[in-house]
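This report concerns only the one structure given below.
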Amino acid sequence: MKNIFDAVDLNNLHLKNRLIRSATWEALAEKDGSIGDDTYNIYHELAKGGVGAIITGFTSVSSDDFYFGGMMRLSDNKLIPQYKKLVEIIHAEDCAAISQLAMGAFYKNYIEVGENEMSAQDVQSVIKMFVDAAIRAEICGFDGVQIHAAHFFFLSRFISPKINHRTDEFGGSTAARAKILLDILLGIKKSAPKLHVTIKINCSDFTYGGLEEDDSLEICKMLEAAGIDSIEVSGNGTSVRGVKAGVNEGYFADFAAQLADEVKIPVICVGGWRSREVMDRILNQTKIELLSLSRPLIREPDLPKKFLSGVKNSKCISCNACYSTPAHRCIFEGRG
């Protein structure tokens with residue numbers, strides 16, 4: 001029988017349990033990606049709260065990515081000491097550290113360039129930025145990196161048939177649209193071989209003409225063949241309101257379970273986990289190996305330790321008000 005507190009060994013990664021803090025954007029970094037005590041304190045609180053691994057918030061691979069403010073970055077060697085300190089803080093609590101490598105949009109001379117207007121050379125420059133950021137992550141001591149291809153940020157749009165209408169080697173078929181992901185993966189595997197490489201991908205774009213489940217399955221199988229170490233299943237339009245423990249948890253679980261049946265690598269499922277009972281049940285009724293959480297850990301960073309002590313359910317009520325607060329803090333924090 002599996003349970004959320006099993007220790008697990010993945011390629012290049014050992015976890016003390018099956019719970020992962022899914023990447024959550026804090027919007028606290030300076031314009032150049034520098035981080036300070038406010039960020040360190042959040043990650044220390046999460047690490048000592050008992051999760052097996054933390055995936056950092058949106059970390060741009062580009063210094064010229066202006067999609068939104070407050071992004072962490074691994075786009076410059078001068079940032080390495082700050083992120084090395086972050087890793088040391090996480091590791092001190094026997095917690096693995098994974099950097100989510102992402103891009104909001106591609107810019108040239110401060111102007112956003114659409115996915116279809118980019119030259120093949122521009123696409124190659126993006127691939128290089130992801131690989132270079134992974135090399136920096138390895139130098140910092142991160143245990144792994146996550147390629148962010150979900151939530152309709154740059155890579156998610158690039159692989160979506162709704163957006164990508166290119167006619168070169170990076171567009172047309174599902175395989176061609178996914179080539180950018182495979183090239184990033186292969187580049188990281190070659191240049192930073194000590195890292196566990198995972199990816200976050202939409203099960204569906206949930207929009208007319210967008211990526212559908214069959215497309216996502218096809219891409220995931222291509223990634224498996226190319227050597228991806230694990231896959232985190234998400235979807236476009238996350239953070240569903242009104243999730244209740246034991247009622248409507250795990251809103252991406254059906255696709256994640258299907259994927260886990262069709263690939264041999266570990267599948268991570270995010271999306272509305274609120275109770276230990278349901279999480280343990282999904283682990284035993286499917287081949288899903290790991291579960292990731294975001295909002296419940298905003299409300300209770302120590303939720304894993306609470307589960308271990310006998311607490312049954314998260315206090316998170318899925319109101320999404322945390323997204324309107326500085327650093328995405330729970331509005332009920334400190335109110336008892």
Side-chain angles (χ1 to χ4, degrees), residues 2-8 13-28 35-57 72 85-100 142-144 146 232 238-239 243-246 249-250 268-283 289-336:
K2 295 188 290 185
N3 73 80
I4 59 174
F5 289 105
D6 294 332
V8 289
L13 187 65
H14 173 78
L15 303 180
K16 64 186 176 186
N17 59 50
R18 298 181 186 273
L19 298 176
I20 295 177
R21 186 267 200 165
S22 191
T24 305
W25 179 53
E26 296 93 7
L28 286 171
I35 53 176
D37 288 344
D38 44 6
T39 299
Y40 294 138
N41 291 338
I42 286 174
Y43 281 87
H44 180 229
E45 193 174 25
L46 285 164
K48 72 179 182 180
V51 289
I54 293 172
I55 304 175
T56 63
M72 293 194 285
K85 179 179 178 179
L86 179 64
V87 172
E88 290 170 349
I89 288 169
I90 295 171
H91 281 171
E93 301 296 337
D94 188 27
C95 181
I98 298 171
S99 177
Q100 186 187 71
F142 279 100
D143 303 285
Q146 181 178 73
E232 184 183 23
T238 58
S239 303
V243 178
K244 295 182 179 179
E249 298 183 53
I268 309 162
C269 184
V270 72
W273 303 116
R274 298 291 181 270
S275 68
R276 177 169 182 178
E277 179 183 359
V278 171
M279 287 191 287
D280 281 340
R281 185 191 311 152
I282 203 75
L283 288 172
E289 289 292 331
L290 301 138
L291 302 172
S292 51
L293 305 91
S294 175
R295 288 176 295 169
L297 296 177
I298 294 175
R299 178 73 187 264
E300 299 170 278
D302 60 346
L303 183 60
K305 285 188 174 179
K306 288 181 177 178
F307 280 145
L308 195 57
S309 70
V311 170
K312 294 182 179 180
N313 300 327
S314 164
K315 291 180 180 179
C316 180
I317 62 171
S318 306
C319 66
N320 285 356
C322 52
Y323 295 148
S324 300
T325 67
H328 293 167
R329 290 290 194 178
C330 180
I331 63 169
F332 299 104
E333 188 174 333
R335 300 183 186 181

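- Side-chain contact between Phe307 and Met279 is present, with at least one heavy-atom pair separated by less than 4.5 Å.
- Looking at Arg329 and Ile42, their side chains come closer than 4.5 Å, going by heavy atoms from C-beta outward.
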Just distance, no hydrogens or angles: give the donor-acceptor pairs under 3.5 Å from side chains in residues 19-26, sequence neighbours left out.
| from | atom 1 | to | atom 2 | distance (Å) |
| --- | --- | --- | --- | --- |
| Arg21 | NH1 | Tyr43 | OH | 3.4 |
| Arg21 | NH1 | Ile55 | O | 2.9 |
| Arg21 | NH2 | Glu26 | OE2 | 2.6 |
| Ser22 | OG | Lys200 | NZ | 3.0 |
| Ser22 | OG | Glu232 | OE2 | 2.8 |
| Thr24 | OG1 | Ser22 | O | 2.9 |
| Thr24 | OG1 | Ser294 | OG | 2.7 |
| Glu26 | OE1 | Tyr43 | OH | 3.3 |
| Glu26 | OE2 | Tyr43 | OH | 2.8 |

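- With sequence neighbours excluded, the residues that form a side-chain hydrogen bond (donor to acceptor under 3.5 Å, both in side chains) with Lys306 are Glu300.
- One N or O on the side chain of Arg18 and one on the backbone of Asn3 form a donor-acceptor pair closer than 3.5 Å.
- Remark: of the listed residues Val270, Ile268, Leu283, Leu283 is the sole one forming a side-chain contact (heavy atoms from CB on, under 4.5 Å) with Leu291.
- Inter-residue side-chain proximity for Leu86 and Thr56 is flagged as met; some heavy-atom pair is nearer than 4.5 Å.
- Between the side chains of Asp38 and Asn41, not a single donor N or O lies within less than 3.5 Å of an accepting N or O.
- Counting heavy atoms from C-beta outward, His44 and Glu93 have side chains that approach closer than 4.5 Å.
- Here the side chains of Leu303 and Val51 are not in contact, with every heavy-atom distance at 4.5 Å or above.
- Within the 4.5 Å cutoff, the side chain of Ser324 has no heavy atoms near those of the Ile331 side chain.
- Residues Trp273 and Ser314 fail the side-chain proximity criterion, which asks for heavy atoms closer than 4.5 Å.
- Judged by distance alone, the side chains of Asn313 and Arg276 never bring a donor and an acceptor atom under 3.5 Å apart.
- More than 12 heavy atoms of other residues, nucleotides or ligands shown are found within 6.0 angstrom of CD on Glu88.
- There is a side-chain donor-acceptor pair under 3.5 Å between Asp143 and His91.
- A heavy-atom distance below 4.5 Å is found between the side chains of Ile4 and Asp280.
- Here the closest non-hydrogen pair linking Gly50 and Lys16 is O-CE, 3.7 Å.
- Side-chain contact check for Ser275 and Glu249: at least one donor-acceptor pair (N or O, by modelled atom type) lies under 3.5 Å.
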